[in-house]
Trainee: 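Pasting a structure below so you can have a look.
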Amino acid sequence: MPPSDVRKSSASGGVQSLERAFGLLEQMADAGGVTGLSELASSSGLPLPTIHRLMRTLVACGYVRQQPNRRYALGPRLIRLGEAAARPLATWARPYLARLAAETGETANMALLDGDDAVYVAQAPSRHSMRMFTEVGRRVLPHATGVGKALLAGLSDDEVRALLRRTGMPAITERTLTSPDAFLRELRMVRTRGFAVDDNEQEIGVRCLAVPLPHAPTPAAISVSGPAGRLTDEAVEKLAPLLREVAHELGTALAAEPEADG
């Protein structure tokens with residue numbers, strides 16, 4: 001968290017140490033889950049003694065662990081918090097996904113960017129007997145999926161390159177993009193047209209159309225997936241406006257702040 005953000009949040013009446021601790025956790029997540037004190041000091045603008053004190057507390061609580069090389073990694077207790085947070089989010093998203101599944105006839109999904117992975121958190125199945133099924137909770141590398149492309153389109157090119165260096169770009173099928181330059185060109189198209197397509201890149205015979213959720217408090221995307229014979233280029237162009245409409249409605253609902261008590 002830059003110094004200006006720390007001052008701003010503190011002035012709003014928050015508890016400064018909590019704000020700083022959560023800011024450090026988010027910076028660790030942005031860095032791929034593992035980082036050093038000097039990197040945190042550079043990105044946060046906080047003094048090293050302050051960061052060291054906060055990290056000691058986070059380690060003691062199990063939210064961060066210190067590795068043998070003295071670097072810090074996100075801890076296992078965060079998994080339980082993330083899973084608990086995803087459950088009400090999935091409940092909230094389900095009516096929007098049900099609408100997509102009903103109007104498109106295809107399976108609708110919602111995914112979040114969690115560290116370097118895209119993780120599916122909710123789904124509404126297609127009415128067709130031949131349909132796609134992605135297990136809720138499944139984690140996938142973002143370079144080979146429509147939701148992954150939609151999620152990464154919101155990052156800068158430098159951030160995307162750093163993520164791809166950490167994950168690698170294995171070929172899931174012969175259609176998977178395995179070059180960072182080619183993938184960045186694809187993301188520029190996603191930003192221009194407002195939607196992403198997985199064209200047989202995760203599974204041969206399957207296509208996926210995905211859009212990011214604007215205004216969402218965390219990077220999120222929704223998608224519809226189905227057999228390539230049904231999700232043709234013509235179908236994608238026809239369905240994209242509907243996905244963008246639903247994404248806007250869901251993203252706005254998720255971003256809405258509850259009224260203050262009293």
Side-chain angles (χ1 to χ4, degrees), residues 1-2 5 22-35 43 74 78-79 81-94 96-97 100 108-123 134 136-167 169 177 180 183-184 186-198 202 208-225 240 243-257:
M1 180 183 296
D5 290 343
F22 281 115
L24 293 177
L25 290 173
E26 293 202 1
Q27 286 165 45
M28 292 181 69
D30 291 341
V34 180
T35 188
S43 59
L74 295 176
L78 291 171
I79 297 174
L81 293 180
E83 290 175 345
R87 284 193 288 270
L89 183 63
T91 300
W92 201 331
R94 199 163 290 122
Y96 297 88
L97 298 182
L100 273 181
N109 300 286
M110 179 177 178
L112 305 179
L113 186 62
D114 183 24
D116 291 342
D117 297 333
V119 56
Y120 291 93
V121 297
Q123 182 180 90
T134 300
V136 171
R138 182 186 178 196
R139 307 176 75 88
V140 294
L141 295 178
H143 75 283
T145 61
V147 290
K149 293 176 185 179
L151 291 167
L152 296 191
L155 304 183
S156 69
D157 284 1
D158 287 343
E159 290 173 317
V160 173
R161 285 187 185 276
L163 182 148
L164 295 176
R165 282 195 296 270
R166 293 191 296 267
T167 63
M169 298 184 70
L177 296 175
F183 188 74
L184 288 172
E186 180 84 0
L187 291 189
R188 284 192 281 274
M189 291 179 59
V190 173
R191 297 177 189 120
T192 298
R193 64 192 182 186
F195 63 85
V197 175
D198 158 14
Q202 181 69 23
C208 174
L209 167 63
V211 298
L213 264 62
H215 318 304
T218 190
I222 57 173
S223 69
V224 292
S225 56
L243 260 73
R244 286 195 292 264
E245 177 185 332
V246 174
H248 177 78
E249 293 174 2
L250 177 54
T252 300
L254 292 175
E257 296 184 2

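Every value quoted in this text rests on a predicted model; they were computed, and no experiment measured them.
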Trainee: Could you pull out the closest heavy-atom pair between Phe183 and Met169, with the gap in Å?
Mentor: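 Phe183 and Met169 have their closest heavy atoms at CB-CE, 3.8 Å.
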Trainee: Could you state the interatomic distance from CG (Leu243) to CD1 (Ile222), rounded to the nearest 0.5 Å?
Mentor: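 CD1 of Ile222 is found 5.0 Å from CG of Leu243.
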Trainee: Does Ala153 offer a backbone N or O that forms a donor-acceptor pair with the side chain of Arg191 under 3.5 Å?
Mentor: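 Side chain of Arg191 to backbone of Ala153: a pair is present.
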Trainee: Tell me the closest heavy-atom pair linking Met110 and Ala220, and the distance in Å.
Mentor: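 Between these two residues, the closest heavy atoms are CE-CB, 4.1 Å.
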Trainee: With a 4.5 Å heavy-atom cut-off, do Thr145 and Val147 have their side chains touching?
Mentor: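 Yes, their side chains come closer than 4.5 Å.
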Trainee: Would you name the heavy atoms of Ala253 and Tyr96 that are closest together and state the gap between them?
Mentor: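 The answer is CB-OH, 3.6 Å.
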Trainee: Please report the shortest heavy-atom distance between Lys149 and Val197, naming the atom on each side.
Mentor: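 Shortest heavy-atom separation between Lys149 and Val197 comes out as NZ-O, 2.8 Å.
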Trainee: First locate atom CG of Leu97, then atom CG of Leu250, and finally report the distance between them rounded to the nearest 0.5 Å.
Mentor: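 Leu97 atom CG to Leu250 atom CG measures 7.0 Å (nearest 0.5 Å).
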Trainee: Rounded to the nearest 0.5 Å, how far does CG of Leu151 lie from CG of Leu112?
Mentor: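 If we round to the nearest 0.5 Å, Leu112:CG and Leu151:CG are 7.5 Å apart.
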Trainee: If you measure from CD on Glu245 to CG on Leu100, what distance do you get to the nearest 0.5 Å?
Mentor: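 One finds 9.5 Å between CD of Glu245 and CG of Leu100.
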Trainee: Write down the atom of Ala150, the atom of Ala221, and the distance for their closest heavy-atom approach.
Mentor: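 Looks like CB-CB, 3.9 Å.
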Trainee: Flag the pair Leu163 / Pro142 as yes when at least one side-chain heavy-atom distance between them is below 4.5 Å, and no otherwise.
Mentor: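 Yes; the side chains approach each other to less than 4.5 Å.
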Trainee: What distance do Cys208 atom SG and Asn109 atom CG have between them, rounded to the nearest 0.5 Å?
Mentor: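 Going from SG on Cys208 over to CG on Asn109, the span is 7.0 Å.
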Trainee: So among Arg139, Arg166, Arg138, which one has a salt bridge (charged side-chain N to carboxylate O under 4.0 Å, His left out) with Asp117?
Mentor: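 Checked Arg139, Arg166, Arg138 against Asp117; only one passes salt bridge (charged side-chain N to carboxylate O under 4.0 Å, His left out): Arg139.
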Trainee: Return all side-chain donor-acceptor pairs below 3.5 angstrom for residues 209-219, not counting sequence neighbours, or 'none' if the list is empty.
Mentor:
none

Trainee: What is the distance from atom CG of Asp157 to atom CZ of Arg161, rounded to the nearest 0.5 Å?
Mentor: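 It comes to 6.5 Å.
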Trainee: Show the nearest heavy-atom pair for residues Leu177 and His143, with the distance to one decimal.
Mentor: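 Smallest interatomic distance, heavy atoms only, reads O-CD2, 3.2 Å.
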